[in-house]
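First the structure, in the form of structure tokens, and then the observations on it.
Treat the numbers as computed from the prediction; the structure is a model and nothing was measured. Chain identifiers are assigned alphabetically (A, B, ...) following the order of the sequence lines, protein sequences preceding nucleic acid strands; residue numbering begins at 1 within each chain.
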Amino acid sequence: MRKILTASFFNRDTSIVAQELLGTFLVRKIGNKEIAAMITQTESYDGLHDLASHASKGRTTRTEVMFGKPGIFYVYLCYGMYFMLNVVTREYGYPAAVLIRGVQGYNGPGKLTKFFGIDKSLNGLVAEKSTGLWFEDRGVAVSKSHIQKLPRMGVAYAGPVWSAKKLRFVLLV
DNA sequence: ACGATGATGAAC
DNA sequence: TTCATCATCGTA
């Protein structure tokens, strides 16, 4: 079973999407080469009130895509070196996204984007086959007991309340 | 524990 | 136009 995830999958509660993304595959096609890896770690960033989210600063040139349609990519450069891959969730106009923090074999968001050849040119594009990067449900069953909930990483600046929230989801293998 | 390295947003 | 800040990683 191979089902490509579309807008209706992403147009839901952000932490539900973040959890259901675990066990699905991130697929990248460059030319006629196709690579895929199972997603094992995600983080949820939801709404203007979430101080850890870039969108908490409001609508800016950088955060604009987070207000966009569900199922588009939000890619940005971090620490001048690494690209971060996010997928926009919720309805158009509501700022929310899921950070793809790790796939099987490549933990760490900077490493996985390097491995998949992801850069800013994908920012704002729809996750579908024609883009060359999309999400696929390959029928891996993930039970709730195999999902670990932890605080998000590197978000101490968001203050004690928001940095403590368990919005990082890890798939136990 | 820390430096590399550059886009970003806010202040001036 | 300048400044502080950062959703990281590899080397110490």
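- Using a 30° and 60° split on the angle between ring planes, A/F73 and A/F135 fall in the tilted class, from 30° to 60°.
- In this structure, the side chain of A/T113 engages the main chain of A/F83 through a donor-acceptor pair within 3.5 Å.
- For A/T89 (side chain) and A/D13 (main-chain N/O), no donor-acceptor pair under 3.5 Å exists by modelled atom type.
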* Asked: Taking only Watson-Crick and G-U wobble pairs with both distances under 3.5 Å, what dot-bracket line describes DNA chain B, where [ ] shows pairs that cross earlier ones and | shows pairs with another strand?
  -> ||||.||||||.
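- Straight-line distance from the NZ atom of A/K114 to the C1' atom of C/dG10: 10 Å, rounded to whole Å.
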* Asked: Just by protein heavy atoms under 4.0 Å, how would nucleotides 5-12 of chain B read 5' to 3' in B, S and -?
  -> BBSSS---
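- The separation between A/F83 atom CZ and C/dT8 atom C1' is 13 Å, rounded to whole Å.
- Side chain of A/Q19 to main chain of A/S15: a donor-acceptor pair is present (N/O by atom type, distance under 3.5 Å, no hydrogens or angles).
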* To do: Could you check A/Y92 against A/N11 for side chain to side chain donor-acceptor pair (under 3.5 Å), going step by step and ending with a plain yes or no?
  => CA-CA 9 Å; A/Y92 181 81; A/N11 189 10; over 6 Å; no
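- At a threshold of 4.5 Å between non-hydrogen side-chain atoms, the residues A/R168 and A/R101 count as touching.
- Counting heavy atoms from C-beta on, the side chains of A/V140 and A/T24 never come closer than 4.5 Å.
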* So A/R2 and A/D137, salt bridge (charged side-chain N to carboxylate O under 4.0 Å, His left out) or not? Walk me through it. -> CA-CA 6 Å; A/R2 293 193 176 195; A/D137 180 358; over 6 Å; no
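- What separates CG of A/L112 from P of C/dT8 is a distance of 12 Å, to the nearest Å.
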